[in-house]
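As structure tokens, the structure follows; a few thoughts come after it.
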Amino acid sequence: MSLVKVASALTLTLLIAAGCAVRPIGTSRTSPTPSAKASPTAVVPIPVVSPAPVATGTFDPAHVVQVLGPAVAELIVRQNGGGGGIGSGFVIAHDSSASYLVTNNHVVASASKVIVLMPDGRHFTATVQGADPIQDIAVVKVSDASLPVAQFGDSTKLKVGQQVVAIGSPLGNQASVTSGIISALHRTITASAGGAAEDLPDVMQTDAAINPGNSGGPLADAEGNVIGVNTATNAAGQGIGYAIPSLIAKRIAQDLIAGRKPGHPYMGVCYQSEDSFLAGGKDVAGYGVLVTAALAGTPAAKAGLKAGDLIEKVDDLELNNGQTLGGAIQPHAPGDTVQLTVLRSGSTTTLPLTLADRSSASPTASCPTTP
């Protein structure tokens, strides 16, 4: 999606634990090709619990670990040219001959070898089934169909303040568990590692402690359902980590398992968030995001968006209280139509917008540097 970056700069680090005296994984954002290109497979079903259960009684992290822990792996990665690191992953599906694990793209980028170490001591050399640098999701495949499978929860049903558990291998410590709450939903961040950066338009924020090595591991609800994939932490803050919502991870993973190129929803709109335009001295009636440009030929222009419009809602989701435009769009696939509630010249109107794929964006199109 072509969007103006958030005004406040965050120092965010992708969560790779480097091995002794070697550089961390993540210096490249190209899709990893440690072996021959993975062949497409039949569609593997990945069910989702809906809604994600909210704890109604005593929150018990031990229960979460009992349910989810057996499906969480440590990923030991060696890089082309030497070096390596440690990340996390979890099993999401299997077919008649193999199991598939989700992790982050930055965990396996430039990998020459990936070893999957399960909690029961079994270990496997994995192949990379596919990777998506845009959403920082990858799938690795191991030749054993008996691995325990994690259950996805519905990330669109989450509530701020909901209790969560993170499981992974921070700093190389396998099967480490931390707990906390969901601090915010639908954040937009720019994260970096090894001098490279990537934009993630929809992540959830948590205060469950996550550290280098947690990358690719699950963030789970009180019933042990995966509601996010841990991906980044704020090096300048305490108790601020980020996870990719489960429904986005599931959609990308299902495409990668099937050998398809994942689609990425695109609007072609340039905008400022409410806190950004208020800080810049604009006193705009209403709430939401302020359109600064609709790039020519894009879904935004075709829908009739104009500079000065204030987008207040995407479908029924109000863009206030930390809800972002990127976060509202990402659960959708290219080709989906969303309804935008727009405040224009004091009047409210509804504009249908059909999302395109990010690959359709013109390489020369850019947002104005001065909104």
Side-chain angles (χ1 to χ4, degrees), residues 14-17 25 46-49 52-53 60-77 85-94 98-108 114-126 128-129 136-142 144-153 155 163-180 204 206 208-233 241-246 249-250 252-253 257:
L14 299 169
L15 303 172
I16 295 295
I25 302 295
I46 304 176
V48 175
V49 173
D60 184 6
H63 171 72
V64 178
V65 175
Q66 182 180 19
V67 171
L68 179 59
V72 182
E74 179 177 311
L75 270 59
I76 303 165
V77 183
I86 291 172
S88 302
F90 55 97
V91 183
I92 59 165
H94 52 70
S99 295
Y100 300 90
L101 294 88
V102 159
T103 187
N104 287 139
N105 172 65
H106 73 262
V107 170
V108 295
V114 179
I115 298 172
V116 170
L117 175 60
M118 298 302 294
D120 63 8
R122 287 183 290 171
H123 64 278
F124 311 88
T125 298
V128 178
Q129 177 73 11
D136 197 24
I137 292 293
V139 172
V140 300
K141 176 181 178 180
V142 300
D144 188 311
S146 68
L147 300 187
V149 176
Q151 171 74 62
F152 275 119
S155 52
Q163 293 169 303
V164 292
V165 169
I167 305 177
S169 299
L171 306 175
N173 298 307
Q174 187 184 16
S176 292
V177 179
T178 56
S179 67
M204 63 184 70
T206 179
I210 52 177
N211 291 283
N214 271 119
S215 256
L219 189 70
D221 66 17
E223 295 301 321
N225 301 309
V226 177
I227 47 85
V229 181
N230 297 319
T231 191
T233 188
Y242 299 93
I244 300 162
S246 59
K250 184 252 187 185
I252 299 297
I257 291 173

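In this text the structure is predicted, and so the values were computed from the model without any measurement. Numbers here simply count residues along the sequence, with the first being 1. Just so it is clear, the values below take in all heavy atoms, side chains as well, and ignore hydrogens, waters and symmetry mates.
Looking at heavy atoms from C-beta onward, Leu171 lies in side-chain contact with Pro212 at the 4.5 angstrom threshold. The shortest side-chain heavy-atom distance between Val164 and Met204 does not fall under the 4.5 Å cut-off.
Checked by atom type and distance alone, the side chain of Ser155 never pairs as donor or acceptor with a backbone atom of Pro245 at under 3.5 Å. Here the side chain of Asp136 pairs no donor or acceptor atom with the backbone of Asn104 at under 3.5 angstrom. The main-chain N or O of Gly213 is found under 3.5 Å from a side-chain atom of Ser88 such that the two form a donor-acceptor pair.
Ile92 contributes atom CD1, which lies 10.0 Å from atom OH of Tyr100 (distance to the nearest 0.5 angstrom). Atom CG of Asn225 sits about 9.0 Å away from atom OG of Ser246, to the nearest 0.5 Å. The CD atom of Glu74 sits 11.5 Å away from the OG1 atom of Thr103 when rounded to the nearest 0.5 Å. To the nearest 0.5 Å, atom CD1 of residue Ile76 and atom OG1 of residue Thr125 are 10.0 Å apart. For the atom pair CD of Gln151 and CD1 of Ile227, the computed distance is 13.0 Å after rounding to the nearest 0.5 Å. Atom CD1 of residue Ile86 and atom CG of residue Asn214 lie 12.0 Å apart, to the nearest 0.5 angstrom.
Scanning both residues, Met118 and Pro70, for their nearest heavy atoms gives CE-O, 3.3 Å. Leu101 and Ala73 make their closest contact through CD2-CB, 3.7 Å (heavy atoms, listed as atom of the first residue, atom of the second, distance). Considering every non-hydrogen atom in both Ile115 and His123, the closest pair reads CG2-CB, 4.3 Å. For the residue pair Asn230 and Ala243, the shortest heavy atom distance occurs at OD1-CB, 3.7 Å. Here the closest non-hydrogen pair linking Pro148 and Val91 is O-CB, 3.1 Å. The heavy-atom pair separating Glu223 from Val67 by the smallest distance is O-CG1, 3.7 Å.
Every residue two or more places apart in sequence or in another chain that forms a side-chain contact (heavy atoms from CB on, under 4.5 Å) with Asp144 is listed here: Arg122, Phe124, Ser146, Leu147. Partners of Ala150 by side-chain contact (heavy atoms from CB on, under 4.5 Å), not counting sequence neighbours, listed by chain and number: Leu68, Ala71, Phe90, Val226. Partners of Val64 under the side-chain contact (heavy atoms from CB on, under 4.5 Å) rule, at least two apart in sequence or in another chain, are Val165, Ala220.
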Decide side-chain contact (heavy atoms from CB on, under 4.5 Å) for Ile257 and Ile46; before the verdict, give the C-alpha distance in whole Å, the side-chain angles of both, and the deciding distance to 0.1 Å. CA-CA 11 Å; Ile257 291 173; Ile46 304 176; 4.1 Å; yes
